[in-house]
Amino acid sequence: MGTHKLIILRHGESQWNHENKFCGWIDIPLTEKGKEEAEYAGELIKQHGLSPDILYTSKLIRSIETGFIILKVLNKPWVDHIKTWRLNERHYGKYQGRDKHEVFVELGEDKDKFQYIRRNYNGLPPLIDPELDTSIDEKYNDLLNRNILPRGESLSMVMDRLIPFFKYEIFDHQMVQLNKTVLIVTHGSVVRSLIKYLNKVSDDDISKINVPTGIPLVFELDDRGDLVKPYYYLDKEKAEKGIEKVKNEGLKKE
């Protein structure tokens, strides 16, 4: 039975991460710091002797751009690159584009209510009217049924659209059948979903897991998709600092 390596990371810092806004499906580019984080992620992957054979990203520029930069650092720009909406960030409904602290204040500065919507497995933001949703644009024209696209999601809903795709397309096909090392450059909620699925994290405990920008984490899996050893960040110290920052977003005015 082989061991299959999966490298997953949240994209580098985007302009709205910097401005402390809910990004969701709105297409926001990387900051200069985000580009540097992507380069550092590529260096970490190289230093650890990892060599991805295929890249998966979302359809959003912050994810795509991070992936491009990493492949460039690895000197593998030719690697196949698949973009899918199923790896998009969680759709934040009416909160997309809003300042996190403003939403916190709107919710009566109720930390539990705010963190429930941000982090709870079933926490759902207010849904947006599809007619008003500017984030659903020409990127999704190739979908036969655009009605499957969300108007707002909980983490549970993200997993519903993500895990079947991950299991059959990425894990069973690319990793087990073709024996490829897969790199997924995606978003915080998708990384949390994959940690929950691969590490069998309970619905309650997933609310405690936060994900920093730009630090790759590695899963070593057997043919059944079980972890051979605990997953790990390629820069533990930097990841811990980033996790602390993400945990407290929105609670104070930046």
Side-chain angles (χ1 to χ4, degrees), residues 10-11 14-17 19-29 56-65 82-108 110-170 184-197 203-204 206-207 209-211 213 246 249-250:
R10 182 182 176 193
H11 58 80
S14 75
Q15 193 54 48
W16 280 9
N17 294 142
E19 292 171 23
N20 207 30
K21 291 179 179 175
F22 285 106
C23 281
W25 283 39
I26 296 176
D27 214 1
I28 304 300
Y56 281 86
T57 68
S58 73
K59 291 245 183 185
L60 302 167
I61 188 69
R62 56 194 188 270
S63 158
I64 294 166
E65 212 175 352
I82 293 167
K83 306 174 190 78
T84 169
W85 71 272
R86 291 182 186 278
L87 287 169
N88 273 20
E89 177 57 295
R90 173 183 169 197
H91 193 301
Y92 276 100
K94 284 184 179 173
Y95 289 160
Q96 293 196 144
R98 299 276 317 273
D99 179 287
K100 288 178 183 171
H101 186 70
E102 280 175 17
V103 171
F104 176 57
V105 171
E106 203 172 88
L107 294 170
D110 183 333
K111 188 176 171 181
D112 289 343
K113 202 183 261 187
F114 181 71
Q115 294 293 38
Y116 177 82
I117 288 171
R118 273 190 80 214
R119 288 290 172 261
N120 188 279
Y121 186 56
N122 296 303
L124 186 63
L127 302 184
I128 192 168
D129 180 333
E131 300 297 312
L132 303 173
D133 189 356
T134 56
S135 72
I136 305 288
D137 58 17
E138 63 187 355
K139 288 185 216 52
Y140 310 103
N141 285 353
D142 58 344
L143 280 176
L144 294 175
N145 177 11
R146 282 176 63 145
N147 294 333
I148 61 172
L149 297 177
R151 296 165 45 212
E153 293 176 300
S154 62
L155 196 69
S156 161
M157 292 160 79
V158 172
M159 290 191 74
D160 286 345
R161 51 117 155 147
L162 164 73
I163 297 305
F165 177 83
F166 171 78
K167 189 175 172 334
Y168 297 107
E169 170 59 29
I170 299 180
I184 299 177
V185 180
T186 181
H187 306 264
S189 298
V190 175
V191 177
R192 290 175 70 232
S193 298
L194 289 168
I195 289 172
K196 185 179 190 317
Y197 173 68
D203 293 359
D204 284 345
I206 195 60
S207 65
I209 289 179
N210 291 282
V211 177
T213 54
V246 172
E249 278 172 2

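On a predicted model such as this, the values are computed, not experimentally measured, just so you know.
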Taking the six-membered ring of Phe22 (Phe, Tyr or Trp), confirm whether the NZ or CZ of Lys100 is under 6.0 Å from its centre and within 45° of its axis.
yes
Between Val211 and Arg192, what is the shortest heavy-atom contact and its length?
CG2-CG, 3.6 Å
Let's go through Lys94 and Asp129 carefully: what are the C-alpha distance in whole Å and the side-chain angles of both, what is the deciding distance for salt bridge (Lys or Arg N to Asp or Glu O under 4.0 Å) to 0.1 Å, and is it a yes or a no?
CA-CA 8 Å; Lys94 284 184 179 173; Asp129 180 333; over 6 Å; no
CD1 on Ile170 to CD1 on Ile82, rounded to 0.5 Å
8.0 Å
Just wondering, do Arg62 and Gln15 contact through their side chains at under 4.5 Å, heavy atoms?
no
Run the side chain to side chain contact (heavy atoms under 4.5 Å, CB included) check on Phe166 and Arg86 step by step: do they pass?
CA-CA 9 Å; Phe166 171 78; Arg86 291 182 186 278; over 6 Å; no
Short N-O contact, Glu153 and Arg161, less than 4.0 angstrom:
yes
Pairwise distance OG(Ser154) to OH(Tyr121) - rounded to 0.5 angstrom
7.5 Å
Pairwise side-chain contact, Ile61 with Ile28, heavy-atom cut-off 4.5 Å (strictly under)
no
Do NZ/NE/NH1/NH2 and the carboxylate oxygens of Asp203 and Lys196 come within less than 4.0 Å?
yes
Any Glu19 side-chain heavy atom under 4.5 Å of Asp99 side chain
no
Kindly indicate whether the side chain of Ile64, heavy atoms from C-beta on, has any atom under 4.5 Å from the side chain of His11.
no
Starting at CG of Leu194, measure out to OG1 of Thr186 and round the result to the nearest 0.5 Å.
7.5 Å
Nearest heavy atoms of Val158 and Ser189, plus distance in Å:
CG1-O, 4.5 Å
How close do Ser63 and Thr57 get, heavy atom to heavy atom, and via which atoms?
OG-CB, 3.1 Å
Between Trp25 and Trp85, how do the two ring planes meet: parallel, tilted or perpendicular, split at 30° and 60°?
tilted
Do Trp16 and Ile26 come close enough that some side-chain heavy atom pair is under 4.5 Å?
yes
Give a yes-or-no answer on whether the side chains of His187 and Ser58 include a donor-acceptor pair shorter than 3.5 Å.
yes
OG (Ser14) and CZ (Arg10) are apart, to the nearest 0.5 Å, by 7.5 Å
Before accepting this row, confirm whether a basic side-chain N of the pair Glu106/Arg98 lies closer than 4.0 Å to the acidic partner's carboxylate O.
yes
What's the shortest heavy-atom distance between Arg90 and Pro125, and which atoms?
NH2-CD, 3.5 Å
For Asn210, enumerate each residue passing the side chain to side chain contact (heavy atoms under 4.5 Å, CB included) test, keeping only those at least two apart in sequence or located in another chain.
Arg119, Ile243, Val246, Lys247
Do Ser135 and Gln96 have side-chain heavy atoms sitting under 4.5 Å apart?
yes
With a 4.5 Å cut-off on side-chain heavy atoms, are Asn88 and Val190 touching?
no
Straight-line distance of Leu132 CG to Ile136 CD1, nearest 0.5 Å
12.5 Å
Could you tell me if the side chain of Ile117 sits less than 4.5 Å from the side chain of Leu107, heavy atoms only?
yes
Once rounded to the nearest 0.5 Å, what's the spacing between atom OH of Tyr95 and atom CD1 of Ile128?
12.5 Å
Got a sec: does the NZ of Lys59 have more than 12 other heavy atoms crowding it under 6.0 Å?
yes
Partner of Met157 by side-chain contact (heavy atoms from CB on, under 4.5 Å), out of Leu162, Leu124, Asn122
Leu124
